[in-house]
Amino acid sequence: MVPFFIQIKCKLGQSYVVANALAEAEIASEIYSTAGHFDLLVKFYVDEGTDIGHFVNEKVQVIPGIQDTHTIITFKAFGGG
């Protein structure tokens, strides 16, 4: 599985609507509300070989209430054990 993150800017007053829609669609691994330029930070996993651009375009950006997205593709996870 390939992880990536999307920062989402919502239309005014739509953050909870968008977060709930993402949760109901069961496409996100984790959904966080954030402060700053974006309202939500969402972690996704897709199968190896999945076109992330198409996934974002067809599964995420079509959710009503989303104004803008910023996709962050990750390379390596570092962790302590």
Side-chain angles (χ1 to χ4, degrees):
M1 297 294 277
V2 177
F4 67 98
F5 297 83
I6 300 178
Q7 292 178 294
I8 299 174
K9 179 183 282 292
C10 301
K11 294 178 182 173
L12 291 177
Q14 296 294 298
S15 297
Y16 283 86
V17 173
V18 171
N20 287 328
L22 285 164
E24 289 173 12
E26 297 183 349
I27 58 173
S29 171
E30 300 170 42
I31 305 167
Y32 297 96
S33 59
T34 59
H37 295 288
F38 291 90
D39 303 302
L40 301 172
L41 175 64
V42 187
K43 185 176 186 179
F44 296 89
Y45 285 96
V46 292
D47 291 329
E48 190 82 34
T50 298
D51 186 316
I52 292 173
H54 281 279
F55 179 90
V56 173
N57 189 30
E58 297 166 5
K59 304 278 188 188
V60 179
Q61 291 177 338
V62 297
I63 294 174
I66 292 179
Q67 181 176 325
D68 194 15
T69 62
H70 178 79
T71 302
I72 302 166
I73 297 174
T74 59
F75 301 108
K76 178 174 174 49
F78 297 91

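This chain uses plain numbering: 1 for the first residue, then up along the sequence.
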Closest non-hydrogen atom pair, [X] against [Y]:
X: Q7; Y: L41; result: CG-CD1, 3.9 Å
X: K9; Y: F38; result: N-CD2, 3.5 Å
X: K11; Y: Q67; result: CA-OE1, 3.9 Å
X: L40; Y: A19; result: CD1-N, 4.0 Å

Flag yes if more than 12 heavy atoms outside K59 fall under 6.0 Å of its NZ atom; otherwise flag no.
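Counting neighbours around NZ of K59, 12 or fewer heavy atoms of other residues, nucleotides or ligands fall under 6.0 Å, so no.
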
How about [X] and [Y]: do any of their side-chain heavy atoms sit closer than 4.5 Å?
X: L22; Y: I8; result: yes
X: T50; Y: V2; result: no
X: V17; Y: P64; result: no

- [ ] Taking side-chain hydrogen bond (donor to acceptor under 3.5 Å, both in side chains) as the test, write out the residues that go with H54, two or more places apart.
- [x]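 Applying side-chain hydrogen bond (donor to acceptor under 3.5 Å, both in side chains) to H54 gives E58.
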
- Consider only side-chain heavy atoms of I, L, V, M, F, W and Y, link residues closer than 4.5 Å, and tell whether F5 and V46 are in one cluster.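 Each belongs to a different hydrophobic cluster.
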
Practice task
Run through the side-chain heavy atoms of Ile, Leu, Val, Met, Phe, Trp and Tyr, join any pair under 4.5 Å, and report what else lands in M1's cluster.
Solution key: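 Listed partners: Y45.
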
ask   = Are the side chain of T74 and the backbone N or O of P3 linked by a donor-acceptor pair below 3.5 Å?
value =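 Yes, the answer is positive, given that a donor and an acceptor are paired below the 3.5 Å cut-off.
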
Between [atom1] of [X] and [atom2] of [Y], what distance do you get to the nearest 0.5 Å?
X: T71; Y: I52; atom1: OG1; atom2: CD1; value: 8.0 Å
X: C10; Y: I66; atom1: SG; atom2: CD1; value: 6.5 Å
X: F55; Y: I6; atom1: CZ; atom2: CD1; value: 7.0 Å

**Prompt:** What is the ring orientation for F4 with F44, classed by angle as parallel under 30°, tilted 30 to 60°, or perpendicular over 60°?
**Reply:**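 Rings of F4 and F44: parallel, as their planes differ by under 30°.
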
If you look only at pairs with a residue in residues 15-24, which of them pass as a side chain to side chain donor-acceptor pair (under 3.5 Å), with sequence neighbours excluded?
->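 Checked against side chain to side chain donor-acceptor pair (under 3.5 Å) - neighbours excluded - no pair reaches residues 15-24.
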
